[in-house]
Amino acid sequence: MAAEVFDTNWMWHPSFTESRAETAGLFVHFRRDFVLEKIPPGRCCQIRITADTRYKLYVNKEFVSSGPVKGDQSLWFYDEVDISPSLRLGKNRIGIYVLRFFYATRFATSFPRLSTGGVYIAHVDSQVPQSFDIGSGSLWQTAIDQSTILCIDQAEDDFLHIYERIDRNTDVQLDWVPAVLLPFQNSTGVSPPWKLSPRLIPRLQREIAQFSMIHNIQSCVQRTAWERSLITTPWQEVHLPPGTRHELELEVPYHMTAFLRFCFQRPQVGGSTVVITYAESYEDPPTLVPYLRRKGQRCNVSKSLFGPQDTYVFGGSSRCLGLCYENDEDVDETFTPFHFRTFRFIRISIEVSSASELVFKGIDVQRAKYPLDVLATLKVNPNESVTAMRLWDISIRTLENCMHDCYEDCPMYEQLQYAMDTRSSALFTYYISGDDRLAKQAIIQLHNSFQPRLGLTSSRAPTHQPQIIPHFSLYWICMLADHWTFFGDPGFLRPFIPVADAILAYFDSRIDSDTGLVKVADEIGIWHFHDWAEAWRPYGIPPAVTQTGISTYSNNLYAYTLQQASILQSTCAERDTIAQEYILRSQRVVEAVQKFCFDGEFFSDTVVTASSDKCHHRSQHNQVWAVLSGASSGKQGEDLLRRTLSPVTGQLLTPASISMSFYTLRALSMVGGDLYEESFHRFWGPWNTQIALGLTTWEEDSVSQRSDCHAWGSAPIHEYMAEVIGLRPAKPGWTCLEFQPRLSLYREIEATVPFRYNGSTALAKVSWKTSPSNEIVVSMKALGIPTAIPVSVKLPCKPEIFIQSADEIKFRLSKSQVKSKGSEVHLIVRISGNIIEDMQSGE
C-alpha cells in the first residue's frame, strides 16, 4: 500500500479569490460536454455530488438536483443522483451552478462552509465507460459570474445574504477555463476538509402555487392585463412600452417559502430593471429594521411592504451568457433566484429602458418545503368550534414553512436551527407524521457543535457563526429524552449521552456553595438568554438575574433536565447509578429554589433577598418552570398557576412569550385537577387575535413582530393530539399506549394520531360523540395492527385500566359532566362489540 493516497474527486476554479468586499460570495459555473453512442446501463448513471457551499445540477437544460443539505466540518452531505432520465444519444451537456459564500466573513450566518470552495462529482460505480467518465477533472470548464453579487447592504437582511443584485447589461462576460483538481491526502490519518456523508433526509418537496390577488397597481397597463398574466391561466404576455415604469403588489393565499422564476422575452436592448421586494405583511414603517415592527392587520393594503430585495438588470439579446440551464435562453431572459424566497406579498417594480420595450411573460412559483407526510387528522364539529380547525391548519402550515434542510426558527430572516425552537418543532412533527429523520439530523448537528472547553453545545447548528446560550444545551438534552420516549432507539441515542453528561456537569460546576443554586457570571462569548419579554429587553435577561447571577429559571430548567436525563440514563443507557445521581442533584436544586426563590406568593426571578421590588422581579416563566421542575406541585402547583394566569394577580408578572406557551401548557397538564380544561379555550386568545389580524402562519412574538412565521407557535398540534385526544407513549417507542382523553373540551371530535409500531408508523383512530341525553361514547382503534397492543386507559373519575387488543375499544360514559368530581360514572368497555368490563361507581 502506498504511503500516501489522495482524494481527487474535488475540483474548483483555478483563480477564484474571496476578495470582493461588496458581496457575501460569488456564483461559479461548471460545464462538461460529452457524446454518447448509447445510454450507459444501470448504476453507471448514478453520481455523487456536493459542493461548498451550494449547487444546482442541470443535464441537457433540465434541472435535476440541488443541495447539499447544510452540513459542517464534522458532517458534510452529498447527494446520489440518477441522471439517466435526462441523458440522450449524441451530444450532452452537464451544468453545475455553484453558490460559494466567502469563508472569512461574518455574512450568511445560516450557511456553514469550509475554508475553500469546491465541487465534488464522482460515479457511484467505479466501472464506467471512459467516454462517460464525468468525474471531477480538467475536462470540466468553469467560469466565475462577476455580474452577480449577494447583497450585504440591506437592513432587512442580517443573517441570510441570499438576495441577488444582477447586472447583465455590463461588459463582463464569462471566461471559461479548465477546472483544477484539489488533491487532498486521504491516508495516514489525514483526510479532505469535508467529512462526507450521504444525505440523511429526503429532498425538498416542490409544488406549483400561484398568486391570488394584485394590489396597488401603478402602471399604464390595465389591471385586467396584469391579472391575465399573473392570476388566471393560461398566462398572457404583457407588453411594457419603452421608458415606462410599473409597480404592482402580489399576494399569495398564505405565507409560503417558494422557488421563483421571473420570465421575460429577451429584449433587443438591455438596461431595463426589475426590483422584487419580499414581505410577510403590510405594515407601518418599522421602529427598528428588521427587529421591531409596527404591524396590525396584515392585509391592510393602504400600508406599505418592507423586506429584502432582489435586483435584476436585463442584458438583452447581445449579452446572453449561454449557460444552458434553461430552454429558449436565447429567446427568453429570466431571473431565477438561486435560493428559495419567503413571502406573503411581493412588490414588483419595473423600469423599462427607453431603447426597447419589455415583454413580461409571467412568474413561476414552486412552493418548497420538507416533504412532511401529515398523517394526523382532526375534525371538530364546526357548530362547536371553527377555531379549532383554524388553529390546527395554521399550525401545520407554520411548521411546514420552518422545515427545509433543517428545522428553522423563521424562514424569512434567519433559517437557523436553534435547540429550544427545534425541541418543540420535533415534538410537533412526531405527532403529525411519526417522522424523525429531520429531528435525528438536528440532534446530530447540535451534538457536533459541542465545545469541550465550555462543556456546552452551540445554541444553533449548523451555522457559520456559532453562538452559546447555555439554556439551549439543556433543551438539546430534552430532545434526546423526547426521542427516546417516542422512538425508543438506544442505538441512535447512546453516543450522545456522554455529551449530555458534560453539559449537566457545566451547570453542576457552577453551584453556589451558600445557596445550592446554579450561579452564572458574565463570560465572554456566552449569552444567558431567557425569553423575549418586553421587560427584559434588549437581551432577554431579567434585570434581577444580571444583578445577582442567580436565575430561578436557569435552576428550574436545570432540575427539569436532570429529571429528563435520568430517564435516559436508567432506561436507554442502563446506568442506574448515574440516573440516581441526577435525581439527587435535581432534588437539591429544587429544594434550594423553594428555600431561596419563593416569596410566599410567587417564585421570583432570582433569590428573594435580592428582589426589593417584588412586581419587577416576578414573571410567569418562573411559576411555570417551578411546576415543571417539581418545586411546586399538586394542589399548591395548581393554585400557583391559577394566580399566574389570573387577569388580576397575573398581570403583575412579566408575561411569557409565545415561545414559552408550550411549557405553560405542559405545566397546566402536569398539575392535574381541572385547570387545563378550564384554561384551554381561553388560552388560545393570542392565536385567535392573530387570525383576526389576517395571519396565515403564527408570528414569532407579539412584541417585536419581526417574523410572521415561527414554528414554536404551533403548540396546538401537540395539545390536540397529546392532551385533547389524549394519546401518548406510555413506554418508550409506544410499546404501550396511554389513552387519556379530555372529554369535557368538545362534545364531538374525530382524530387520527400516528404512533410507532414495530419500527414503522401506525395510526390510531379516536372519536367521541355526546348524545342528546348527555351520554358519551368514546372509541379508540389502532388501524392495521395485526396483533394486540397494550393500552393504558385513564378516564375521568375512574381508576386506570389496562387493555390489550388489536380491535376497537369503546367506552360509554353516562353523565355529560365527565370532569365533575362528584358525578357517578357508568363505564362500559367494549372490544368489537363484546362487553369485557361493566363498572359503576361514584367518586
Side-chain angles (χ1 to χ4, degrees), residues 1-2 5-12 28-52 54-69 71 75-98 118-143 176 178-184 186-187 191-192 194-206 259 322-329 366 371 405 437:
M1 180 178 177
V5 177
F6 288 87
D7 183 340
T8 57
N9 290 309
W10 290 90
M11 63 182 175
W12 196 229
V28 186
H29 304 285
F30 291 79
R31 69 185 184 190
R32 171 75 187 275
D33 294 334
F34 56 94
V35 177
L36 290 178
E37 296 181 358
K38 62 179 181 179
I39 304 299
R43 286 171 57 85
C44 290
C45 294
Q46 292 184 1
I47 61 171
R48 289 182 178 143
I49 182 171
T50 188
D52 191 335
R54 311 280 278 182
Y55 79 86
K56 288 185 178 180
L57 174 67
Y58 297 84
V59 179
N60 293 322
K61 299 183 180 181
E62 290 183 10
F63 170 76
V64 175
S65 175
S66 64
V69 171
L75 204 63
W76 195 270
F77 297 106
Y78 65 82
D79 297 305
E80 287 199 359
V81 183
D82 182 1
I83 63 173
S84 60
S86 301
L87 295 175
R88 62 193 180 200
L89 296 178
K91 184 178 179 180
N92 289 261
R93 170 169 287 183
I94 297 180
I96 307 176
Y97 185 19
V98 178
V119 173
Y120 176 103
I121 183 167
H123 290 274
V124 173
D125 188 346
S126 59
Q127 303 300 316
V128 297
Q130 187 173 359
S131 61
F132 185 56
D133 185 356
I134 58 172
S136 299
S138 59
L139 293 179
W140 283 87
Q141 291 184 309
T142 178
W176 291 95
V180 295
L181 283 175
L182 303 177
F184 294 104
N186 199 23
S187 57
S191 63
W194 303 275
K195 305 301 183 284
L196 291 181
S197 166
R199 161 190 289 267
L200 301 179
I201 60 174
R203 299 179 183 276
L204 291 183
Q205 175 181 324
R206 299 189 183 206
F259 287 101
L323 291 171
C324 294
Y325 296 152
E326 297 187 5
N327 289 307
D328 302 322
E329 188 179 358
Q366 288 190 347
D405 273 5
R437 289 173 292 182

**OP:** Kindly determine whether Y325 and Y97 satisfy ring pair (Phe, Tyr, Trp, His ring centres under 6.0 Å), including the steps that lead there.
**Re:** CA-CA 9 Å; Y325 296 152; Y97 185 19; 5.2 Å; yes
Original post:
With a 4.5 Å heavy-atom cut-off, do R206 and F259 have their side chains touching?
Top reply: yes
Subject >> Distance, nearest 0.5 Å, that separates CD of E326 from CZ of F63 >> reply: 11.5 Å
Original post:
Hey, mind stepping through R31 and I94 against side chain to side chain contact (heavy atoms under 4.5 Å, CB included) and telling me if it holds?
Top reply: CA-CA 6 Å; R31 69 185 184 190; I94 297 180; over 6 Å; no
Original post:
Is it true that a side-chain atom of E329 and a backbone atom of C324 form a donor plus acceptor pair closer than 3.5 Å?
Top reply: yes
Subject >> 4.5 Å side-chain heavy-atom contact, M11 and W140 >> reply: yes
Original post:
Looking at side-chain heavy atoms only, is the closest gap between I47 and L57 below 4.5 Å?
Top reply: yes
**OP:** Could you check if a side-chain atom of L182 sits within less than 4.5 angstrom of a side-chain atom of D7, using non-hydrogen atoms only?
**Re:** no
Original post:
Which atoms form the tightest heavy-atom contact between W12 and V28, and what is the distance?
Top reply: CH2-CG2, 3.8 Å
Original post:
Does any N or O in the side chain of S86 come within less than 3.5 Å of the main-chain N or O of E62, such that one atom is a donor and the other an acceptor?
Top reply: no
Subject >> Exam field: side chain D79 to backbone V81, donor-acceptor pair closer than 3.5 Å >> reply: no
Original post:
Taking the side chain as C-beta and beyond, is there a heavy-atom pair between Y78 and R199 under 4.5 Å?
Top reply: no
Subject >> Between W194 and F184, ring centroids under 6.0 Å >> reply: yes
Subject >> Any I134 side-chain heavy atom under 4.5 Å of I83 side chain >> reply: yes
Subject >> Check: K195 side chain, P192 main-chain N or O, donor-acceptor pair, under 3.5 Å >> reply: yes
Original post:
For Y120, is the NZ or CZ atom of R48 found under 6.0 angstrom from the centre of its six-membered ring and inside 45 degrees of the ring axis?
Top reply: no
**OP:** Working to the nearest 0.5 Å, report the span between SG of C45 and CD1 of I39.
**Re:** 7.0 Å
**OP:** Give, for atom CG of L181 and atom CG of N9, the distance between the pair rounded to the nearest 0.5 Å.
**Re:** 8.5 Å
**OP:** Would you check if the side chain of D133 reaches a backbone N or O of G135 as a donor-acceptor pair within less than 3.5 Å?
**Re:** yes
Subject >> Spacing of N60 atom CG and K91 atom NZ [to the nearest 0.5 Å] >> reply: 10.0 Å
Original post:
How far apart are the C-alpha atoms of H29 and T142, what are their side-chain angles, what is the distance that settles it, and do they pass the side chain to side chain contact (heavy atoms under 4.5 Å, CB included) test?
Top reply: CA-CA 5 Å; H29 304 285; T142 178; 5.9 Å; no
Original post:
Of the non-hydrogen atoms in G137 and A179, which two are nearest, and what is the gap between them?
Top reply: O-CB, 3.9 Å
**OP:** Spell out, as yes or no, whether a donor-acceptor pair under 3.5 Å connects the side chain of N92 to the backbone of R88.
**Re:** yes
Original post:
What pair of heavy atoms forms the shortest contact from D82 to P85, and how long is it?
Top reply: O-CD, 3.6 Å
Original post:
Do S136 side-chain atoms and I121 backbone N/O form a donor-acceptor pair below 3.5 Å?
Top reply: yes
Original post:
Do R437 and P202 come within less than 4.5 Å of each other through their side chains, counting heavy atoms only?
Top reply: yes
**OP:** Would you check if there is a donor-acceptor pair between the side chains of W76 and T50 at a distance under 3.5 Å?
**Re:** yes
**OP:** Check whether any side-chain N or O of D125 sits under 3.5 Å from a backbone N or O of C44 as a donor-acceptor pair, and report yes or no.
**Re:** no
Original post:
Are a donor atom and an acceptor atom from the side chains of S65 and Y55 found within less than 3.5 Å of each other?
Top reply: yes
Subject >> Taking every non-hydrogen atom, the tightest pair across R203 and E80 >> reply: NH2-O, 3.3 Å
Original post:
Ignoring hydrogens and geometry, is there a side-chain-to-backbone donor-acceptor pair from S187 to V5 under 3.5 Å?
Top reply: yes
Subject >> Close side-chain approach of V59 and L87, heavy atoms under 4.5 Å >> reply: yes
Subject >> Check: F132 ring centre within less than 6.0 Å of F34 ring centre >> reply: yes
Subject >> Ion pair R54/D405, N-O distance below 4.0 Å >> reply: yes
